[in-house]
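Scroll down for the structure; my scribbles are underneath it.
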Amino acid sequence: MTFRETVWRLVRRIPRGRVATYGQIAALLGRPRSARAVGGALRRCPADLPWHRVVNAQGGISGRAQMSSMLTQRIRLEAEGVAFRRGRVVLRAHAWRSTARQRRGFP
DNA sequence: GACTTGACTAGAC
DNA sequence: AGTCTAGCCAAGT
């Protein structure tokens, strides 16, 4: 099982209408400093993966080569009911909380 | 096995 | 709040 595959498996668990950050995914996999590698895992991923539910630590959509792809991500999120504010996802409202510890600790 | 490449981040101004 | 920087690390070459 490669790192990339574990990322995909976890991303599939993010429910509709919620988002996770790259760093959060990395931390949940026990590799808190591999956020960047998580981005790499999503750069090329299966078409049916809900990749749009992963955003950066500020709730923003991270740079892609094509801007159309960034727009696609926002549109897909809004279609799931995710609210944006000044170009950022409202993390307070939509951050995926998978554990009790995170429920307490999320800013 | 040694580089290089990013869909990252926290910290410093 | 915006910009820069230095770490970081899995994958690709």
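The chains referred to below are lettered A, B, ... by the order of the sequence lines, with proteins before strands, and numbering in each begins at 1.
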For this session: Indicate yes or no: at least one non-hydrogen side-chain atom of A:I75 is less than 4.5 angstrom from one of A:T72.
Result: no

Exercise. Taking side chain as C-beta onward, heavy atoms only, is A:V19 less than 4.5 Å from A:L91?
Worked result: yes

For this session: Going 5' to 3' through nucleotides 4-13 of chain B, assign each nucleotide B (protein heavy atom under 4.0 Å from a base atom), S (under 4.0 Å only from sugar-phosphate atoms) or - (no protein heavy atom that close).
Result: --BBBSS---

Exercise. Any donor-acceptor pair under 3.5 Å linking the side chain of A:R97 with the backbone of A:A95?
Worked result: yes

Problem set entry | Main-chain N/O of A:L42 paired with A:R44 side-chain donor or acceptor, under 3.5 Å | no

Problem set entry | Any donor-acceptor pair under 3.5 Å from A:W96 side chain to A:R53 backbone | no

Exercise. When the nearest nucleotide of DNA chain C is assigned to A:R86 and to A:R33 on a heavy-atom basis, which residue is associated with the more 5' position?
Worked result: A:R86

Exercise. Does DNA chain C take part in any stems of at least 3 consecutive Watson-Crick or G-U pairs (both distances under 3.5 Å), and if so, which ones?
Worked result: B:2-6 with C:9-13, B:8-13 with C:2-7

Exercise. Roughly, in whole Å, what's the span from CZ in A:R85 to P in C:dA1?
Worked result: 12 Å

Exercise. Are the side chain of A:E80 and the backbone N or O of A:R16 linked by a donor-acceptor pair below 3.5 Å?
Worked result: no

Problem set entry | Worked verdict on A:R74 versus A:E78 for salt bridge (charged side-chain N to carboxylate O under 4.0 Å, His left out) | CA-CA 6 Å; A:R74 176 166 180 156; A:E78 289 181 321; 3.2 Å; yes

Exercise. Tell me, do A:V55 and A:L77 make a side-chain contact under 4.5 Å, heavy atoms counted?
Worked result: yes

